[in-house]
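Right, one structure below, let's go through it.
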Amino acid sequence: MKSYSLQGQAALVTGADSGIGKGVALELAKAGAKLLINYAHNQVAADQTVNEIKSAGGEAFAFQADVSHEAEVQAMFAEMFKRYGTIDILVNNAGLQKDSKFVDMTLDQWQTVININLTGQFLCSREAAREFIRRGVVQERSKAAGKIICMSSVHEVIPWGGHVNYATSKGGIMMLMKSMAQELAPHKIRVVSIGPGAIQTPINRDAWGTPESLEKLLTLIPYNRIGQPDDIGRLAAWLSSDEADYITGITIFMDGGMTLYPGFADNG
Ligand code: NAD
């Protein structure tokens, strides 16, 4: 039993057919929100998320859209408004990696990651903010006119060789989030980021897929376990609630201590 409720609120989670996005969608639904489950390609997986929510008594539907395409994002929000009338919570979660050594990185690898991870968050946030401002606060739903949660990463502060495009996208999300938070706060819109550490999802299977790789990964995590999507899901649900009403413009790292410079734990 949660100490707060998102009952009656409408939430859109991008990339909610897999990993963290799915974990976030399930926790938002548990708190009473109705969901748009966005996915890029995998309709079967998106339908499964929808079915899990429905069989637990919640409300959800799936919608395909590439978050880096303006027209697809606008079509997705149009469908959201048609089904639910409005939006209360946006979780900008969709993201991917296209890894390469810096000197070998192609323009396509660079642009794909920036377009999806960063521009996708801009496009979705802009549509949500327009609606939050149009509608304003509805007291019986929430103290805020709207909430935007950006899925960042520990790599908004930890440089990451071999992943320059990804780390740049997450550094960009930090300033996107903070600048939106500053501009939108007078409209009673809260904007926050979650900075996950290593969470066990398909995006980083190489890092946990074998006992050896997992052991190596755990040397970077003082708390000595890999995170799970529901860890992030619970934080996202709480941040969406009025319990977190005075929080805006910050990143909360949820990383088992990965940002604590674990290499210095034993004198460096
Ligand atoms: P994942 O691969 O399981 O999920 C990624 C999701 O993004 C999928 O649902 C995919 O469909 C969606 N997606 C990709 N391209 C898209 C597009 N163009 N349009 C719409 N959706 C698209 O990986 P994950 O670990 O769940 O990643 C989710 C988010 O969390 C990403 O932003 C990632 O950078 C971030 N993150 C993950 C970790 C981790 O350790 N897993 C750590 C820090 C940050």
Side-chain angles (χ1 to χ4, degrees), residues 12-27 35-50 62-77 90-99 109 111-125 149-158 160 163 165-174 176-177 193-209 213-214 217-218 220-221 225-233 235-236 251-256 258-259:
L12 190 162
V13 182
T14 64
D17 58 301
S18 175
I20 292 174
K22 179 173 180 178
V24 168
L26 295 178
E27 291 295 327
L35 270 298
L36 182 155
I37 302 298
N38 161 255
Y39 67 100
H41 308 293
N42 193 341
Q43 188 178 352
V44 174
D47 286 344
Q48 198 175 325
T49 308
V50 168
F63 193 91
Q64 181 176 24
D66 180 333
V67 294
S68 66
H69 288 188
E70 186 175 30
E72 293 185 33
V73 168
Q74 288 175 334
M76 173 167 71
F77 275 81
L90 166 68
V91 183
N92 280 318
N93 167 78
L96 83 181
Q97 293 178 212
K98 296 276 179 204
D99 305 331
Q109 285 172 316
Q111 282 176 332
T112 301
V113 170
I114 298 296
N115 288 349
I116 293 171
N117 293 14
L118 182 57
T119 307
Q121 295 213 7
F122 157 69
L123 289 171
C124 292
S125 300
I149 297 179
C150 301
M151 206 53 71
S152 183
S153 165
V154 291
H155 295 297
E156 78 169 43
V157 292
I158 301 178
W160 205 16
H163 310 259
N165 47 2
Y166 183 85
T168 303
S169 74
K170 297 301 183 179
I173 286 168
M174 177 180 66
L176 170 68
M177 177 276 292
S193 283
I194 296 175
I199 310 298
Q200 194 165 17
T201 76
I203 208 174
N204 56 0
R205 197 184 300 276
D206 287 353
W208 54 262
S213 58
L214 182 60
L217 176 67
L218 290 178
L220 298 175
I221 309 172
R225 76 164 170 89
I226 190 166
Q228 297 300 324
D230 65 302
D231 287 315
I232 304 297
L235 176 58
T251 299
I252 297 186
F253 292 103
M254 195 179 210
D255 64 355
M258 193 177 247
T259 41

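Ligands are counted one by one from 1 in listed order, and the atoms in each one are counted from 1 as well. Source: prediction; values computed, not measured. One is the number of the first residue; the rest follow in order along the sequence.
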For ligand 1, note which part of Gln200 has a heavy atom under 4.0 Å away: side chain, backbone, both or neither.
neither

Please list the nearest protein heavy atom to atom 19 (N) of ligand 1 with its residue and the distance rounded to 0.1 Å.
Val67 N, 3.0 Å

Under 4.0 Å to a heavy atom of Ala65 - the qualifying atoms of ligand 1, by number:
19 (N), 20 (C)

Non-hydrogen atoms of Ile37 and Val50 that approach each other most closely:
CG1-CG2, 3.8 Å

Side chain, backbone, both or neither: Pro229 near ligand 1, heavy atoms under 4.0 Å
neither

Which protein non-hydrogen atom lies closest to atom 9 (O) of ligand 1, naming both residue and atom, and how far is it?
Asp17 OD1, 2.6 Å

Test of understanding: given a 4.0 Å heavy-atom threshold, classify the contact between Ala198 and ligand 1 as side chain, backbone, both, or neither.
backbone

Heavy atoms only, cut-off 4.0 Å: how does Ile199 contact ligand 1, side chain, backbone, both, or neither?
both

So for ligand 1, is Gly15 a polar contact partner (N or O within less than 3.5 Å, distance only)?
yes

Would you name the heavy atoms of Asn165 and Lys98 that are closest together and state the gap between them?
ND2-O, 2.8 Å

Option of least heavy-atom distance to atom 2 (O) of ligand 1 (set: Ile203, Asn92, Asn204):
Ile203

Among Ile226, Ile116, Thr14, closest by any non-hydrogen atom to atom 15 (N) of ligand 1:
Ile116

Logged contact type for Ile20 with ligand 1, heavy-atom cut-off 4.0 Å, is both

What do you reckon, does Gly120 put a non-hydrogen atom under 4.0 Å from ligand 1?
no

At under 4.0 Å between heavy atoms, which part of Ser68 makes contact with ligand 1: side chain, backbone, both or neither?
neither

Scanning both residues in full, the closest heavy-atom pair of Ser153 with Phe253 reads O-CE2, 3.7 Å

Which protein heavy atom lies closest to atom 1 (P) of ligand 1, and at what distance to 0.1 Å?
Ser18 OG, 3.6 Å

Part of Asn38 with heavy atoms under 4.0 Å of ligand 1, whether side chain, backbone, both or neither:
side chain

If only side-chain N and O atoms count, and only distance matters, is there a donor-acceptor pair under 3.5 Å linking Asp99 with Gln97?
yes

Work out whether the distance between some heavy atom of Lys170 and some atom of ligand 1 is less than 4.0 Å.
yes

In terms of residue, atom name and distance, what is the protein heavy atom nearest to atom 31 (C) of ligand 1?
Asn93 O, 3.2 Å

Taking the inter-plane angle between the rings of His155 and Trp160 on a 0 to 90° scale, is it parallel (under 30°), tilted (30 to 60°) or perpendicular (over 60°)?
parallel

What I want to check is whether the side chains of Glu156 and Thr251 have a donor and an acceptor closer together than 3.5 Å.
yes

What distance separates Asn38 CG from Glu72 CD, expressed to the nearest 0.5 Å?
9.5 Å

Shortest protein contact, atom 24 (P) of ligand 1 (heavy atom only):
Thr201 OG1, 3.4 Å

For Ile173 versus Cys150, what's the shortest heavy-atom pair and its separation?
CG2-CB, 3.9 Å

Report, in ascending order of atom number, the atoms of ligand 1 lying under 4.0 Å from any heavy atom of Ser153.
43 (C), 44 (C)

Using a strict cut-off of 4.0 Å, indicate which atoms of ligand 1 neighbour a heavy atom of Asp66.
17 (C), 18 (N), 19 (N)

Which heavy atom of the protein is the closest neighbour of atom 33 (C) of ligand 1, given with residue, atom name and distance?
Tyr166 OH, 3.5 Å

Main chain of Ala46, side chain of Lys22: is a donor-acceptor contact present, judged purely on distance under 3.5 Å?
no

Look at atom 13 (N) of ligand 1 and say which protein heavy atom is nearest, naming residue and atom and giving the distance to 0.1 Å.
Ala94 CB, 3.9 Å

Within the side chain of Ser152, is there an N or O that forms a donor-acceptor pair under 3.5 Å with the backbone of Ser193?
no

Chi angles and distances behind the side-chain contact (heavy atoms from CB on, under 4.5 Å) call for Gln121, Met177
CA-CA 9 Å; Gln121 295 213 7; Met177 177 276 292; over 6 Å; no

Between Thr259 and Asp255, what is the shortest heavy-atom contact and its length?
OG1-OD2, 2.6 Å

Would you say the side-chain atoms of Asn92 pair up with the backbone N or O of Thr14, donor to acceptor, closer than 3.5 Å?
no

Report, in ascending order of atom number, the atoms of ligand 1 lying under 4.0 Å from any heavy atom of Gly197.
38 (C), 39 (C), 40 (O), 42 (C), 43 (C)

Which residue and atom name correspond to the protein heavy atom nearest atom 5 (C) of ligand 1, and how close is it?
Gly95 O, 3.5 Å

Where is the tightest heavy-atom contact between Ile221 and Ile226, given as atom of each residue plus distance?
CD1-CA, 4.4 Å

Contacting atoms of ligand 1, where contact means under 4.0 angstrom from a heavy atom of Gly19
3 (O), 26 (O)

Is Asn115 reaching over with its side chain to a backbone N or O of Thr112, donor-acceptor style, under 3.5 angstrom?
no

